[in-house]
Amino acid sequence: MTLFNYNPESTCAKHILADIEPETNKIVSVSFMGGCQGNLSAISKMIAGKTLQEVISMFKGNTCGKKQTSCTDQLAVMFEKILAGEIVD
């Protein structure tokens, strides 16, 4: 497992920690600091075992209220950056 840290932009969640299986790019676990904890902990359970690309496809472009982004959109951004090598463990 490999741990990645990310500080999302323009969301209530202030930090995301993701544990990723490097050989398969599958999500072991994700935790959010801040934000709507009930919803975000449920989302974390739902995406465990999925690949980064599956989650990007589901969440990319999702918005929250009048914001141009959301916690799930920022999670997709984080996963894109991990795949591009822009975030390292």
Side-chain angles (χ1 to χ4, degrees):
M1 290 11 128
T2 305
L3 291 175
F4 294 92
N5 291 282
Y6 184 68
N7 294 321
E9 297 178 14
S10 303
T11 63
C12 297
K14 300 302 175 202
H15 188 77
I16 305 171
L17 178 65
D19 189 358
I20 308 299
E21 178 58 51
E23 290 82 27
T24 60
N25 282 331
K26 286 192 175 182
I27 299 159
V28 176
S29 66
V30 173
S31 60
F32 293 82
M33 287 50 164
C36 305
Q37 284 305 304
N39 291 332
L40 294 173
S41 63
I43 288 167
S44 297
K45 289 177 184 178
M46 292 171 56
I47 64 173
K50 296 196 180 302
T51 65
L52 299 182
Q53 192 57 49
E54 287 175 309
V55 174
I56 292 166
S57 296
M58 283 190 288
F59 294 151
K60 182 73 177 168
N62 189 45
T63 60
C64 182
K66 294 182 181 182
K67 296 178 183 178
Q68 298 293 314
T69 190
S70 66
C71 294
T72 53
D73 180 57
Q74 286 295 297
L75 182 65
V77 170
M78 176 189 187
F79 290 167
E80 286 178 326
K81 289 182 177 195
I82 290 170
L83 291 174
E86 296 174 27
I87 300 175
V88 294
D89 58 336

Would you say the side chain of I16 lies within less than 4.5 Å of the side chain of M33, judging by non-hydrogen atoms?
-> no

Mind listing the closest non-hydrogen atom pair of K67 and C12 along with its distance?
-> NZ-SG, 3.7 Å

Which heavy atom in C71 sits nearest to a heavy atom in A13, and how many Å separate them?
-> SG-CB, 3.6 Å

Would you mind reporting whether K26 and K50 have side-chain heavy atoms less than 4.5 Å apart?
-> no

How close do G34 and L40 get, heavy atom to heavy atom, and via which atoms?
-> O-CD1, 3.6 Å

What's the spacing between M58 CE and I43 CD1 if we round to 0.5 Å?
-> 9.5 Å

Do the side chains of I82 and Y6 get nearer than 4.5 Å, heavy atoms only?
-> no

Give the intermediate values and the outcome of side-chain contact (heavy atoms from CB on, under 4.5 Å) for residues T24 and T51.
-> CA-CA 7 Å; T24 60; T51 65; over 6 Å; no

Donor-acceptor under 3.5 Å (Q74 side chain, E9 main chain) | yes

Less than 4.5 Å apart, any side-chain heavy atom of N25 and any of F79?
-> no

V30 backbone acceptor or donor facing S44 side chain under 3.5 Å = yes

Rounded distance (nearest 0.5 Å) linking atom SG of C64 with atom CG of N39 | 9.5 Å

Check whether any side-chain N or O of T72 sits under 3.5 Å from a backbone N or O of F59 as a donor-acceptor pair, and report yes or no.
-> no

Close side-chain approach of D73 and T63, heavy atoms under 4.5 Å | no

Heavy-atom count around E86 CD within 6.0 Å, excluding the residue itself: above 12?
-> yes

Mind listing the closest non-hydrogen atom pair of L52 and I27 along with its distance?
-> CD2-CG1, 3.9 Å

Straight-line distance of M78 CE to I56 CD1, nearest 0.5 Å | 11.0 Å

Answer yes or no: does atom NZ of K45 have more than 12 heavy-atom neighbours from other residues, nucleotides or ligands under 6.0 Å?
-> no

Hey, does V77 have a side-chain heavy atom less than 4.5 Å from the side chain of T69?
-> no

Minimum-distance pair of heavy atoms, taken over all atoms of D19 and M1 | OD1-CB, 2.8 Å

